[in-house]
Amino acid sequence: MRTSAERRELLKGVYEEARNCTRCPLHETRTTVVFGAGNADADLMFVGEAPGANEDRMGLPFVGQAGKLLDKLLAEIGLDRKDVWICNVLKCRPPQNRDPQPNEIEACQDYLWRQVDLIEPTVICTLGNFSTKLLRADPTGISRLHGREETRIIGPRAVRLYPLYHPAAALYTPSMLEALRADFHRIPELLAQGPPEQPRAPEPLPELDDMPDSEAMPGEHEFEPAAQLGLF
Ligand code: URA
């Protein structure tokens, strides 16, 4: 178990790496790397798509209209930004707010996995299609998945994944806003369930000397499948 101080130090290290990142062409057009913000010890994490113009200027996620809606929905369930961690699939703004490209997601995802690994959230709300598809490693769209929680293995841990409509989409579509609000209001119930059952830790491999010669078949002493389920 890491202490809060260790977690913050490690997260700062990832931030230091990200803030000078040149892993994809977006570094040429961004103003600021938007690493993520909030509580490093949060049980609840939100993952959006990519910074927009306001975020790019300020270096913080969800500071525009979509962010105001996110704040309002958080307040409705008795939370605010200091209770949660908010970040995006991409840490740099795509020009003209175009969709993230596969090469950009590929280059950037390591920062997200490291954030998940360090913060150890119990519940991850994916906001919209891009984060939902990435964290589920599956192309199913958000309109089929929103409001349906499922346990997923991300890195070494199981988390409660809870896809939601993106607040920017909900701003302009009243029916989506109602769905987002209804889904959002179930977050406290998911948090109250605590962490999902975790995959079994790998059994230590036996010393070579301990293996009976006749039974030491290749692969026989590999980890239990559940311990290897890290998707990424
Ligand atoms: N939309 C996002 O997906 N992320 C932000 O940070 C802002 C708007």
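As the structure lists them, so they are numbered: ligands from 1, and atoms in each ligand from 1.
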Using the six-membered ring wherever Trp is involved, compare the ring planes of Phe35 and Tyr15 and label them parallel, tilted or perpendicular (cut-offs 30° and 60°).
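Phe35 and Tyr15: perpendicular rings.
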Within the 4.0 Å heavy-atom sphere of ligand 1, strictly under, residues
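Correct list: Gly48, Glu49, Ala50, Glu55, Pro61, Phe62, Asn88, His166.
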Examine the side chains of Ser131 and Thr126 and answer whether a donor and an acceptor come within less than 3.5 Å of each other.
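Their side chains do not contain a donor-acceptor pair, so the 3.5 Å distance test is not met.
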Mind checking what makes side-chain hydrogen bond (donor to acceptor under 3.5 Å, both in side chains) contact with Tyr111, not counting sequence neighbours?
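In terms of side-chain hydrogen bond (donor to acceptor under 3.5 Å, both in side chains), with neighbours along the sequence ignored, Tyr111 is linked to Arg23.
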Could you list the residues that satisfy side-chain hydrogen bond (donor to acceptor under 3.5 Å, both in side chains) with Gln193, not counting sequence neighbours?
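Partners of Gln193 under the side-chain hydrogen bond (donor to acceptor under 3.5 Å, both in side chains) test: Arg160.
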Considering all heavy atoms of both residues, which atom of Pro167 and which atom of Leu69 are nearest to each other, and what is their separation?
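Minimum heavy-atom contact is O-CD2, 3.5 Å.
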Under the salt bridge (Lys or Arg N to Asp or Glu O under 4.0 Å) rule, collect the residues that match up with Arg19, sequence neighbours excluded.
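Expected list: Glu16.
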